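Notes follow the structure.
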Amino acid sequence: MAVSTADELSEPLRWPADGVTRIPYRLYSDPEIYALEQQRIFRGPVWNFLCLEIDIPKAGDYKTSTVGEIPVIAARDENGDVHAMVNRCAHKGALVCLKEKGNAKLLTCIYHSWSFDLQGRLKGVAFRNGLQGKGGLPKDFDASQHSLEPLRVEVFCGLVFGTFSDATPTVEAYLGKPMAEFMTRNLSRPLKPLGMHSQIIHNNWKLYAENVRDSYHATLLHTFYTTFKINRLDMDGGIVLAEDKWHHISYAKRATFDEAPEYKRDQIHAANYDSKLAGPHLLDSWNEFDDGITHSIQAIFPNLAIQFTLNSLAVRFFVPRGIDKTELFWFYVGYEADNDEQTRMRVMQGNLTGASGLVSLEDGCINEFVQRGTRGSPDGMGLAEMGGREVESSAASRATEAAIRGFWTGYRKIMDFA
Amino acid sequence: MRGDRDVRTEIEDFITAYAHAIDDGALDGWPDYFTPEGIYQIITRETFEAGLPLGIMLCEGRGMMADRVQALRTANIYEAHSYCHLLGRSQISAQATDHYQARTNFNVIRTMQDGGSEMFAVGKYLDVIRVQDGRPLFQERRVILESRRVDILLVYPL
Ligand code: FES
Ligand SMILES: [Fe+2]
């Protein structure tokens, strides 16, 4: 099937009458829909995660990334301001920055040496006046009309976001109050990087967007805790949806009886986790917050999630690399104020998630199993009725697919799929 | 006194046996290639060279390794696959009596149940080896992956 460049599908998508409790399989496999998402979502009124602020701490630092499939650059200028632009030369369209990370005064395209400042403004054209009076650009060439295509940028809680749309509200308004507050809880202190890796998962990016919102599967697919009889002392938590349903938080809390005085802040409570582990120091951890939440995952539309698993804090960023291929980045961080012992515990708990995550490595293949299972059945549809048909927060239980219905509510709206 | 050649052969045999044991799925004996407090880590080259501590897999002590093995046998879910390690010649240097460092390049080819065999991991082992009672053991084995990117998931040790 040819990828349509028109802003419409050759065969319109009609959402099933049961609304977001039904998910057409075609959404995972139709290249026209994939192309349309690039326009309507990634170039649309959303905040796209670009990088961590600590990736570009100094003037002249830049980092490349992608917004959907579009290559982008985030850079910090001489005044400390962060800018973002498409990594596509204003001359013939070559990549301007080749390295993933770097530091420069000017960003120079290697093809014909055009150079741009850290805001993306064209500053230099090789042989602009020609050689020995011959050649060169026309006299009326206006460099100010040939900047790198800019994105609007906002830094929130140490995360650099970019948007192509003038219609996107501030990041805080985009997130809504509960989401912004929880992100502030987790990320508003100075961060330090601990390590990074990525995974190629062989599925459409939206399957991972559903998976991080799927609080129903957590104890069913992921059986590490139960296998090792890890007495988590955690009661079931709940989920919170953003007002517009695009984002969510899923959390588990320690049981109230565990909030006795002896388990105060900063006290390590590995001993609380009775288990059959031969190496129980895997779970050495401490209470970082007073709200009792020990596990949380927060998904931000379209393709960002923040995990806080015990003390393991990571930014997960999943980038579409084709209709059935997604790159999932794991940026593990700690706080600058962490002491060595705290860093050691965060590093050890890195074992719980990621490509080799004891608790959740299944997510590397489970979405592929859906991709493969739904192959050849574009007219079929998935079901999401667990926890009811509403798209509302659930304080009582995480055995719900409300956040998945939330994702599709937001998706339908932005994609204009009636 | 044993000559350098004997030690080299011993260490090379040890490193080879480790790889073959994993290829054969003989993972129960995997922790026994390490000293009781031995460290095993898989980390990307990018993270390692940046001096950052958090990689992809980390075990401190045989107990944690045994937990890994039990988890991948009974808790974790993934599609069946096997490894085939190809090792380069080891560079070995003596640090002190019965204490050696070794560096060995590896390729791991992964075969999935659909029959496809593909390059899964490329990198180097950076080992600290202790010879105890005439038997080499890893006090530390760092697996430095050339690529930051893992295909699907990484469940068996490398
Ligand atoms: S394409 Fe960049 S200078 Fe020509
Ligand atoms: Fe999961």
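As the structure is a computational prediction, the values presented were derived from the model and not from experiment. Order of the sequence lines sets the chain letters (A, B, ...), proteins ahead of strands, with each chain counted from 1.
The shortest heavy-atom contact between T74(B) and T227(A) is OG1-CG2, 3.4 Å. Taking all atoms of both residues into account, the shortest heavy-atom contact from H281(A) to E60(B) is NE2-O, 3.2 Å. Looking at every heavy atom in both residues, A278(A) comes nearest to G63(B) through CB-O, 3.5 Å. Here the closest heavy-atom approach between residue R68(B) and residue N351(A) is recorded as NH2-OD1, 3.0 Å.
Contacts of residues 352-366 of chain A with chain B at a heavy-atom distance below 4.5 Å involve A355(A), S356(A), G357(A), L358(A), L361(A), E362(A), G364(A), C365(A), listed in sequence order.
For E37(B), the CD atom sits in a loose shell: 12 or fewer heavy atoms of surrounding residues, nucleotides or ligands are nearer than 6.0 Å. Applying the 6.0 Å contact sphere to NZ of K192(A) captures more than 12 heavy atoms from other residues, nucleotides or ligands. Enclosure of atom CD in Q91(B) is not indicated, since only 12 or fewer non-hydrogen atoms of other residues, nucleotides or ligands lie within 6.0 angstrom. Summarising the local packing, CD of E118(B) is surrounded by 12 or fewer heavy atoms from other residues, nucleotides or ligands at distances under 6.0 Å. More than 12 heavy atoms of other shown residues, nucleotides or ligands fall within 6.0 angstrom of atom CZ in R130(B). In the displayed structure, F34(B) atom CZ is contacted under 6.0 Å by more than 12 heavy atoms of other residues, nucleotides or ligands. Under a cut-off of 6.0 angstrom, the local environment of NZ in K325(A) is sparse, with at most 12 non-hydrogen atoms contributed by other residues, nucleotides or ligands. Within a 6.0 Å radius of CG in D340(A), no more than 12 heavy atoms belonging to other residues, nucleotides or ligands are found.
A heavy-atom distance below 4.5 Å is found between the side chains of E100(A) and R148(B). In this structure, L54(B) and M196(A) have side chains that are not in contact, with every pair of non-hydrogen atoms separated by 4.5 Å or more. Here the side chains of L58(B) and M348(A) are in contact, with some heavy-atom distance below 4.5 Å. In this structure the side chain of I152(B) never reaches within 4.5 angstrom of the side chain of I201(A), judged on heavy atoms.
When heavy atoms are compared at a cutoff of 4.5 Å, Q199(A) approaches chain B by way of both its backbone and its side chain. Contact of Q349(A) with chain B is not made at all, since no heavy-atom distance falls under 4.5 Å. Using a 4.5 Å cut-off between heavy atoms, H197(A) touches chain B through backbone and side chain atoms alike. Using a 4.5 Å cut-off between heavy atoms, F224(A) touches chain B through backbone and side chain atoms alike.
Residue with the most contacts toward chain A among L72(B), L145(B), I43(B), L52(B): L52(B) (heavy-atom pairs, distance under 4.5 Å). With respect to chain A, the highest number of heavy-atom pairs below 4.5 Å among L153(B), T44(B), N76(B), V155(B) belongs to N76(B). Per-residue heavy-atom pair counts under 4.5 Å with chain B were compared for L221(A), N367(A), L194(A), and the maximum is reached by L194(A).
The distance from the CG atom of L277(A) to the CG atom of D67(B) is 4.5 Å, given to the nearest 0.5 Å. Distance check, rounded to the nearest 0.5 Å: CZ of F329(A) to CZ of R149(B) gives 8.0 Å.
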Next on the checklist: Please determine whether side-chain hydrogen bond (donor to acceptor under 3.5 Å, both in side chains) holds for the pair D151(B) and H202(A), giving the CA-CA distance in whole Å, both sets of side-chain angles, and the decisive distance to 0.1 Å.
Outcome noted: CA-CA 9 Å; D151(B) 188 60; H202(A) 298 263; 2.7 Å; yes

Item to check | Verdict with supporting geometry, K101(A) and E46(B), salt bridge (charged side-chain N to carboxylate O under 4.0 Å, His left out) | outcome: CA-CA 12 Å; K101(A) 263 173 136 173; E46(B) 187 179 332; over 6 Å; no

